[in-house]
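The shown structure was predicted, so the numbers you read here are calculated from the model rather than taken from an experiment.
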Number of protein chains: 2
Amino acid sequence: MVRQLYPLVSADVALFSVADDRLQVLLVRREHAPEAGLWALPGALLQPLGDADLEATARRALREKISVEVPYLAQLRTFAGASRDPRGWSLSVLHFALLPRDQVPAVVRSSVDGVRWADADAPGRRLAFDHAQQIQSARTALRQRVQDHDLPLHLMPERFTLTQLQRVCEVILSPGPEQPVRLDKGAFRRRFAKSPDIVEVPGAFEHGAQRPAQLFRVATGFQF
Amino acid sequence: MVRQLYPLVSADVALFSVADDRLQVLLVRREHAPEAGLWALPGALLQPLGDADLEATARRALREKISVEVPYLAQLRTFAGASRDPRGWSLSVLHFALLPRDQVPAVVRSSVDGVRWADADAPGRRLAFDHAQQIQSARTALRQRVQDHDLPLHLMPERFTLTQLQRVCEVILSPGPEQPVRLDKGAFRRRFAKSPDIVEVPGAFEHGAQRPAQLFRVATGFQF
DNA sequence: TAAATAGTGTCTATCAGACAATATCGT
DNA sequence: ACGATATTGTCTGATAGACACTATTTA
């Protein structure tokens, strides 16, 4: 039994997006055994002949399962052990990815065909393997990084207002939809006023049923 | 060729310690091919039949190579790809560990027998595989965590003075021995005065050629 | 004009860095 | 007493949170 000598190696992806003031994570239904029928994070077995590294494996998983190319993808942590997969010793490198709302393709948005967005804080009854734990791990890391850095920018569409950016941050920092975190408007704007990562689009405004709001975009050359 | 179907899986450990105001990382000389004779981080190939998870593999590596049991060991990041090991597709889960100075066994301290402590900021000419990159990655993570949390406590001996603790933090935060970072004494003591993670040992003092210093120890129940 | 949201200004408690002052030991 | 380090105290500039105020649009 080769499984006793070599572990299964795969890459899983926690793909997050924000819609309707909800932080969502993408799940796919497993078609084959083991755990057939259960919801799982999109993932793929490593193909040493085709994948140059693990990020390639992760991106291939998204391509194969949901036909998506994400702008931001980072490795998070590795889950491994003898008991997390019934087939034997397995190793899964968890990645997390962020998808701006306006880049969600129609095939994913429609929530059919074994693909759905789940509430990141309550992804469902029982998930395949240790994916519930993986989601929680990714959820925590996401909240952590929003506190420090400018990571939420990866979730914004091409153009956005400061209020929209603040909503996204509030959603990510909240433990769940029931206990929303409210950030102070003044402090929030102060913080991003000093940031070189966003610039305002001159003359561009978001119009609603009230005073229009200045539109911003991510600065050119912004990475990470 | 099985290597074309299954990657090599291993766990490497960056073991840090502070001595003589230097941050050091432990290296072992490779005995067998590939890269025989080069210095490398201690590591071990995954043994699915014996290792329950990757932390077990990492701890086994330290046991086998240098007969050391470390109190603190954490997973850091996974390095993988087709070109980092001449044998083919390989995957290595980098861990990092901290060893208090008074727990360094004699066999390691003596720096013989294919084991040596290297300067963490200049580990040497050429190391095996991508281990130079791995050390730099671990070095950065260590500096980062010292900024935020109370991680340096894992590097302290059973009892220590606040000045000793401050030295360790300064060494870790410094880019290298040439440009030492100096922390303010008052601010440093303020920070740890509020911390519940250390407590003073009543009546215990460190005596030198000057005013004795209060000794502290890590609080019971302190983890991470 | 009213409603609603955008955007700005101000006050304050907190905190880190800088630095001075005092305390207590060995010699 | 002196040198050296420990320990404490004070001042100040920067900052985040709270909150009030003004501005500008649509209806």
Practice task
Indicate, with a heavy-atom threshold strictly under 4.0 Å, whether B:Arg191 touches base, sugar-phosphate, or nothing.
Solution key: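 Nothing, no nucleic acid heavy atom in range.
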
Practice task
Under 4.0 Å between any heavy atoms, over every strand shown, what does B:Thr163 touch: base, sugar-phosphate, or nothing? Just pick one.
Solution key: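 Sugar-phosphate: the residue B:Thr163, judged by heavy atoms under 4.0 Å, touches backbone atoms but no base.
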
Starting from [atom2] on [N], measure out to [atom1] on [X] and report it in whole angstrom.
X	N	atom1	atom2	result
A:Phe160	C:dT5	CZ	C1'	18 Å
A:Phe188	D:dT15	CZ	P	18 Å
B:Asp184	C:dA20	CG	C1'	11 Å
B:Leu183	C:dA16	CG	C1'	11 Å
A:Lys185	C:dT5	NZ	P	10 Å
A:Gln147	D:dT15	CD	P	19 Å
B:Arg189	C:dC19	CZ	C1'	15 Å
B:Phe192	D:dT7	CZ	P	15 Å

Exercise for the section: Tell me which of A:Lys194 and A:His207 sits closer to the 5' end of DNA chain D, going by the nucleotide each one is nearest to. Expected result: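 Taking each residue's closest nucleotide, the earlier one in sequence belongs to A:Lys194.
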
Problem - Aromatic ring pairing B:His207/B:Phe205, orientation class (parallel under 30°, perpendicular over 60°, tilted between) - result: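 The arrangement is perpendicular - the two ring planes meet at more than 60°.
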
Problem - Of B:Arg182 and B:Gln210, the one whose closest DNA chain C nucleotide lies more 5' - result: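 Final value for this comparison: B:Arg182.
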
Handout entry: A:Arg63/A:Glu69 ion pair, N-O < 4.0 Å
Key =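 Yes, charged N to carboxylate O under 4.0 Å.
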
Exercise for the section: Check A:Arg101, A:Gln103, A:Gln24 against A:Ser17 for a side chain to side chain donor-acceptor pair (under 3.5 Å) and give me the one that passes. Expected result: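 Option passing the side chain to side chain donor-acceptor pair (under 3.5 Å) with A:Ser17: A:Arg101.
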
Exercise for the section: Give a yes/no on whether any side-chain N or O of B:Arg211 is located under 4.0 angstrom from OP1 or OP2 of D:dA4. Expected result: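 No.
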
Exercise for the section: For A:Asp85 and A:Ser90, work out which heavy atoms get closest and say how close. Expected result: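 Nearest heavy atoms, A:Asp85 then A:Ser90: CB-OG, 3.4 Å.
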
Practice task
Measure from the ring center of B:Phe222 to the ring center of B:His154 and say whether it is less than 6.0 Å.
Solution key: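 Yes, the ring of B:Phe222 comes within the 6.0 Å limit of the ring of B:His154, centre to centre.
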
Handout entry: Closest to the A:Ala213 side chain, choosing from C:dG17, D:dT24, C:dA6
Key =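 The nucleotide sitting nearest to the side chain is C:dA6.
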
Exercise for the section: Give a yes or no on whether a donor-acceptor pair under 3.5 Å exists between the nucleobase atoms of D:dG17, that is its base, and the side chain of A:Arg190. Expected result: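 Donor-acceptor pair under 3.5 Å: yes.
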
